[in-house]
Amino acid sequence: MCVLAPYPQPAHPYRDRTDTASLSRPCDAAERPPRLFHTLRQECNSVLSLAADPSHLFSGGPTGDISVWDKDTLKLKATLSGHTGSILALEYAADKEWLFSASGDSTIRVWSTRTLTPLYLINPHGETDAGDLFSLVWCPVLQTLYFGCQDTSLQWFTFPSALHTQATSPSSVQFTNDDPIPSGRSTPTSARRVHKFFDSYPQYTRRPADLLARNPTYSNFHASQAAHGVSLPPTPPSSSSSLPSTSGSPPRGDPSPHRPLVILQVEPCNVIYSAHYGYIYCMALVPSVREGSDDAPLDSANERRDLQLVTGSGDESVKLWQLAPANPTPILLHTFECCTGAVLAVVVRGETVYAGCQDGHLKVWDLETRTLVRVLITSENVDILSLSMLKSDLYVCLANGEMQRWSAQFEHTASWKAHTGIVLTSIVTRLGAPAAADDRPPLDGTPDNAKFALVTGANDDQMKIWEVEPPKLRKSAHLSLVTDVDMEWGDSGNETMVYGLSKFVSIPSVSCSPAHREDCRQAAIWLRKCFTQLGAEACLLPTGENTNPLVLGNFRGNQTKRRRPRILFYGHYDVIAASHRGWYSDPFTLTGRNGYLYGRGATDNKGPIMAVACAAAELLGRRALDLDLVMLIEGEEEAGSGGFVEAVKRNKNAIGPIDAILVSNSTWIAEDTPCITYGLRGVVHCNVQISSEGPDRHSGVDGGVTVEPMFDMLKLLGTLTDGHNTVSIPRFYDSVRPCSEQETQLYSTLANITKTPAASLASRWREPSLTVHNVEVSGPRNSTVIPATVKAHVSVRIVPDQDLETIANSLREHLVTAFEKMQSPNKLKVSIEHTADWWLGDLEGPWFHALETAVQSEWGVEPLRIREGGSIPSVPYLEKEFACHALHLPLGQSSDEAHLPNERISLSNLRRGKQVVERFLLNVGKSDFPRSPTDPEPPSLQI
Amino acid sequence: MCRFVIYKGTSPVQLSHLLTRPCHSIINQAFDSRLRLDHRRPINGDGFGVGWYDSVHDEELGSQPCIFTSVTPAWNNVNLTRLAEKIKSPLVFAHVRATTAGTLSLDNCHPWSFGKLMWMHNGGIAEFSKIKRRLQSNLPDELFNFVTGNTDSQWAFALFLSKLPDPHAKTFAPHVLRKAMMETIAHINLMTDAENITEPSLMNFCVTDGESVVATRYISSRHEEAASLWFSSGTTFSEYAEGGHYKMSKADKRENIIMVASEPLTFEKADWMEIKTNHMVVITPKMNLLQFPVVDKYYVPPSDPAALNRGTEFAASKGFLSAHRAVSIRPPVDLQVPETQSFPVLVA
């Protein structure tokens with residue numbers, strides 16, 4: 001529960017954590033730049049593209065040849081020849097053992113990685129009109145190859161099932177019209193059409209263009225050179241062998257005369273013209289299928305989202321395309337405007353797209369909310385040419401030869417000079433065991449032989465292989481509950497809840513700290529997936545540029561004829577910062593000790609969220625959920641709920657009608673008796689500033705000369721109370737609701753249980769109060785300085801039936817009037833910063849009774865009806881917005897230490913809290929309560 | 001009907017690599033144009049012009065381009081050859097002219113400049129005389145008085161300038177030039193429509209401010225092909241064999257060189273991309289080439305089969321082939337390949 005602290009926490013409460021996390025990061029092994037393992041060099045051949053299969057590295061360059069390197073021996077094994085233009089992109093299809101190469105000669109070639117021989121040649125639609133083919137992606141699910149062209153078109157080729165069953169004997173494929181020409185050349189000359197320009201004759205000859213025009217070209221030149229025996233290109237005498245040889249000289253993978261190439265043609269319907277306005281430089285599949293990715297493969301992902309394609313272009317935009325099941329045609333979903341030069345590289349991880357742009361800007365977009373998450377400036381004015389991911393680590397290739405590594409939290413964790421030239425391309429691939437000759441001890445700590453290498457290619461003719469390790473997993477990413485032997489774990493439902501909570505707590509979603517913005521987003525994504533896995537329909541809703549998204553989940557109940565009740569659960573996934581100081585265990589590792597689960601957020605508010613979600617999931621599993629439970633979880637509660645109201649209003653249709661609101665964001669009044677909270681105080685936060693409008697002065701020089709702002713402030717604050725805890729603002733107590741007999745009775749009952757005087761409970765819960773939180777001065781706070789400006793922060797807690805606006809105005813007026821009376825030459829400024837209304841539940845309604853019954857039947861005792869002195873602004877707001885009552889069910893105990901070190905929740909409270917919610921949902925589902933919009937009775941709220 | 005070429009590069013180009021040396025250079029196009037729509041005279045001999053920006057900014061010289069024009073045929077101008085060997089520039093416009101409108105005079109030679117801006121045109125506005133007065137009446141005095149020649153091309157430039165928020169501005173964002181170009185074409189169409197001119201206008205316009213380039217391939221017809229326009233981009237454009245045999249190479253994803261030309265400067269098919277009819281290309285200051293369709297009533301989407309079947313009948317009907325024009329100039333250098341050898345060709 002947030003006791004509404006509107007200011008950023010004054011003394012950087014989260015500083016301690018980040019001290020070790022980012023500011024002075026210890027240089028442990030994981031943070032050093034990767035070690036260079038090997039360099040592969042080819043003279044006069046800059047490396048434009050890379051791919052890898054389990055045993056080979058493939059590199060493409062401007063000559064049109066693809067070099068095949070053996071991963072074990074690191075020697076050149078073969079050369080795949082055929083392209084006549086630069087190899088701009090390579091892609092390995094593991095399911096087929098195929099290599100795709102896209103070239104500046106406007107063709108794609110398909111090679112078998114087993115035999116290292118050419119299989120197919122794919123002509124884009126429009127043939128050379130498509131221009132350079134810059135990017136390639138193979139989608140194994142749709143058996144479709146997507147590629148991006150210079151003519152701004154996006155094209156695709158789907159391999160019919162007949163093809164891949166006969167992948168090894170392509171000559172038997174019958175579906176193409178082009179008869180393979182059994183010549184030594186891969187390209188049948190008959191397939192070429194006459195071109196009006198390139199096959200033209202000078203006009204004075206008045207001859208129509210034909211294939212014999214023989215205008216001067218580079219390839220003619222080489223043919224003629226060869227014919228004349230002048231500077232013969234280094235072709236081995238025999239081109240029949242394309243198999244790996246053991247000799248030192250690598251054979252060329254020229255298509256053998258006995259293996260004609262099948263020519264495939266992209267159909268006109270498989271083209272999206274003007275997919276972008278610029279060249280389509282890069283593309284990626286969502287979820288990522290690249291090696292090193294930790295995205296779940298599509299077929300096993302239990303996700304509602306399906307396949308998507310991301311393309312990046314010279315038109316400074318990234319586009320997101322939907323790939324419907326069984327239909328390879330991309331449908332444009334969204335355009336992300338990057339506005340900082342061409343997008344030369346994209347990489348995807350989960351819901352995140354990283355777009356590398358010209359001038360070193362790396363834009364990070366969230367795919368689901370389609371918001372810009374971050375802009376990373378890798379290096380000012382240096383183009384980003386390639387991006388690779390290993391789990392959550394991002395590797396960035398720059399035009400100045402530098403490589404950078406960024407963590408999932410957008411921390412720059414390494415930077416090293418990798419090449420003397422421009423780093424053009426990179427891949428992450430698994431590296432086999434090091435060669436026997438290498439006496440280097442094997443990398444430790446990498447189980448199942450998964451050693452990763454980052455391979456970079458540059459225009460300095462070099463390919464470098466770097467040893468990289470996946471980022472160290474957070475300890476708490478594994479369930480590391482330190483459990484007591486006698487602590488028994490309940491049924492599987494509870495285990496799911498505790499396991500989920502341990503995952504949830506491990507994400508430090510501290511909303512007050514910019515350093516944790518990405519953690520907050522990851523927490524939202526995690527929670528959305530968690531709800532989905534528990535059976536809800538869930539999505540993220542953006543709240544604004546600088547605020548964390550909402551998670552909306554809908555557990556849909558059984559279909560019945562009557563309209564199901566719809567209950568909204570409101571909670572928050574953000575937490576207060578936690579330093580290690582004062583904690584007995586890591587605050588972000590859920591740790592079980594003596595029946596309690598310790599961790600930041602355990603009780604406020606992650607534990608209750610998991611209890612409610614798991615309760616709904618359990619009922620859903622038993623087909624016993626007869627209502628809709630809408631989970632609305634925000635990420636800014638501890639930071640003032642920024643953007644919450646606007647986002648709820650914007651998405652009211654998605655949330656739908658609501659009949660009651662459930663909140664679980666506080667604790668019991670004591671340790672042993674369950675409670676239901678039915679009241680909250682409101683709050684008005686106010687800033688007061690008195691200034692001389694001059695500079696700070698020296699008291700030895702100017703003391704006594706001026707009216708000092710500090711004296712004015714002390715006098716002014718003194719007018720707020722009478723010195724006996726009574727607020728002196730006129731008419732302040734006028735509308736405070738008188739204490740009824742019944743209420744007095746309640747307080748004395750509670751006083752017995754809590755061993756607190758009844759008067760003390762009453763003043764906490766039902767009496768207004770005024771607090772001066774701090775007084776700040778300008779200048780150095782030195783004992784010789786007269787501060788020119790003094791600021792104070794005052795807050796007023798309000799109760800039923802005080803009107804929020806009236807109280808705020810009378811506070812302001814009182815301060816202004818009192819200051820005027822002082823006739824000071826100084827200037828006063830009063831500003832109301834944050835406000836929240838009080839809340840009082842409806843104790844007589846059927847909803848409250850259903851909840852009370854649920855608590856009673858679970859715990860066997862009647863719950864205490866309690867109120868809270870604190871404020872939750874969203875509760876009264878949601879009541880007004882959805883015109884229904886709110887219920888507040890605390891789960892934890894008074895000793896849970898929310899916001900403090902060693903925050904915890906009792907395991908038993910969590911499990912039984914879940915049971916209470918289950919019972920409550922069952923009660924509500926069975927009964928037939930009046931509901932909005934048929935409910936004619938407006939909620940008993942004075943606004 | 002004319003020929004032109006545009007060069008924009010990250011580093012300056014020696015003009016000769018563009019103008020005089022390549023085997024199908026603009027100079028050679030002057031006498032050996034393969035793609036001209038107007039077949040009356042295949043020679044672009046009515047003068048030429050070349051405009052370029054400084055490689056190094058000099059405060060005293062300013063940022064406006066320098067333009068050299070001549071009414072003599074380009075292939076016969078020794079000054080051009082001499083200048084081309086000694087001048088380097090990161091952004092060049094070059095134009096050879098075959099008059100369709102206007103007299104043979106220096107005032108009528110493309111390109112023209114206005115402040116930082118430079119303009120040239122390949123094509124013709126149909127029955128321009130009918131809309132000339134209407135066009136002029138739209139111009140502010142400054143732009144009306146700026147036009148020194150009497151061609152449709154220069155008046156179109158004045159119209160374009162009137163579409164800019166401030167033609168004297170120090171810089172123009174690419175989208176500002178693009179928008180003004182769209183409006184210029186739309187305005188000309190509006191005026192020809194108002195005069196019931198049914199003959200299509202050929203509007204391949206080019207404009208630059210020294211940073212960005214906007215070029216159009218446009219015809220006000222749904223059925224006819226516009227005058228040709230091509231582009232090529234890559235990292236280096238170098239001579240692989242003596243005799244003007246150039247090839248574009250790509251050693252990077254990014255472009256160091258972008259050329260836009262009425263006809264390809266070489267016969268390397270894979271190096272040249274045809275700009276689709278009724279499309280506009282924009283070269284951004286960061287060397288990105290963008291291709292925007294000009295979507296109006298004359299636009300046929302490329303997915304429509306009709307887009308592939310635009311005819312050249314219009315151009316054919318406009319002119320006629322000159323029966324026996326004696327061409328005394330040397331043909332383009334052909335490589336000595338034995339006739340009998342069936343030599344390999346590029347992948348189609």
Side-chain angles (χ1 to χ4, degrees), chain A residues 46 48 62 84-86 88 104-107 121 123 127-129 131-132 134 150-152 185 187 189 191-193 195-198 200 202-204 206 211 214-221 223-224 227 268 271 273-274 277-279 281 314-316 341-342 344 358-359 383 385 422 424 459, chain B residues 23-24 32-36 39 42 228 230 233-235 240-241 243-245 247 249-254 263-264 266-270 272-274 276 282 284 286-293 301-303 305 321 325 327 331-338 341-348:
Chain A
S46 77
L48 274 167
T84 55
S86 302
L88 297 167
D105 67 10
S106 295
T107 64
L121 183 138
N123 278 320
E127 302 191 352
T128 53
D129 290 351
D132 300 339
F134 283 102
Q150 192 179 15
D151 73 347
T152 72
R185 279 279 154 184
T187 313
T189 45
R192 210 166 72 81
R193 284 200 299 262
H195 192 280
K196 63 184 172 188
F197 175 80
F198 296 105
S200 69
Q203 280 190 357
Y204 63 85
R206 295 199 284 135
L211 288 175
R214 219 173 300 128
N215 285 304
T217 68
Y218 185 68
S219 53
N220 290 1
F221 173 75
S224 69
V271 180
Y273 293 97
S274 300
Y277 292 125
Y279 303 171
Y281 281 123
D315 65 5
E316 313 196 350
L344 296 167
Q358 277 179 314
D359 289 354
D383 296 353
L385 287 164
I422 303 165
L424 293 163
N459 73 343
Chain B
C23 57
H24 199 65
D32 177 24
S33 166
R34 308 270 180 113
L35 292 172
R36 263 181 57 179
H39 287 188
S228 63
W230 299 74
S233 65
T235 43
Y240 63 86
H245 302 296
K247 176 139 180 51
S249 67
K250 284 199 70 76
D252 194 336
K253 255 185 188 180
R254 300 166 299 171
E263 277 181 36
T266 66
F267 292 95
E268 302 295 336
K269 195 172 176 204
W272 291 92
M273 294 269 296
E274 192 166 12
K276 294 187 185 77
V282 175
T284 68
K286 287 183 184 169
M287 292 297 288
N288 289 303
L289 188 135
L290 311 180
Q291 298 160 67
F292 296 92
S303 49
L321 287 166
R325 175 167 279 270
V327 180
V333 181
D334 213 331
L335 284 163
Q336 299 304 305
V337 181
Q341 189 200 347
S342 82
F343 62 95
V345 290
L346 283 177
V347 174

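Heavy atoms only: backbone and side chains are in, while hydrogens, waters and symmetry mates are out. So you know, we letter chains A, B, ... as the sequences are listed, proteins then strands, and number each from 1.
Taking 4.5 Å as the limit, some side-chain heavy atom of Ser233(B) sits within range of a side-chain heavy atom of Gln150(A). For the pair Pro293(B) and Tyr277(A), the minimum side-chain heavy-atom distance is below 4.5 Å.
Checked by atom type and distance alone, the side chain of Gln291(B) never pairs as donor or acceptor with a backbone atom of Tyr279(A) at under 3.5 Å.
The pair Asp151(A)-Lys276(B) counts as a salt bridge, with a side-chain nitrogen and a carboxylate oxygen less than 4.0 angstrom apart. Ion pairing between Asp383(A) and Lys286(B) fails under the 4.0 Å rule for side-chain N and carboxylate O.
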Requested in this report: Before giving the answer on side-chain contact (heavy atoms from CB on, under 4.5 Å), spell out for Asn459(A) and Thr235(B) the whole-Å C-alpha distance, their side-chain angles and the decisive distance to 0.1 Å.
Outcome: CA-CA 12 Å; Asn459(A) 73 343; Thr235(B) 43; over 6 Å; no

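Contact of Leu48(A) with chain B is made through the side chain alone, with heavy-atom distances under 4.5 Å. Contacts between Leu344(A) and chain B at a heavy-atom distance below 4.5 Å involve backbone atoms as well as side-chain atoms. Heavy atoms of Ser249(B) lying under 4.5 Å from chain A are absent altogether. Proximity to chain B (any heavy atom under 4.5 Å) is restricted, for Tyr273(A), to the side chain, taken from C-beta onward.
Shown here for Ser86(A) and Lys250(B), the closest heavy-atom pair between the two residues is OG-O, 2.7 Å. When every heavy atom of Ala342(A) is checked against every heavy atom of Asn288(B), the shortest pair comes out as CB-OD1, 3.1 Å. The shortest heavy-atom contact between Leu290(B) and Asp315(A) is CD2-CA, 3.5 Å.
Taking CD of Glu268(B) as the start and CG of Asp105(A) as the end, the distance is 12.0 Å to the nearest 0.5 Å.
Defined by atom type and a distance below 3.5 Å, a donor-acceptor pair is missing between the side-chain atoms of Glu316(A) and Thr284(B).
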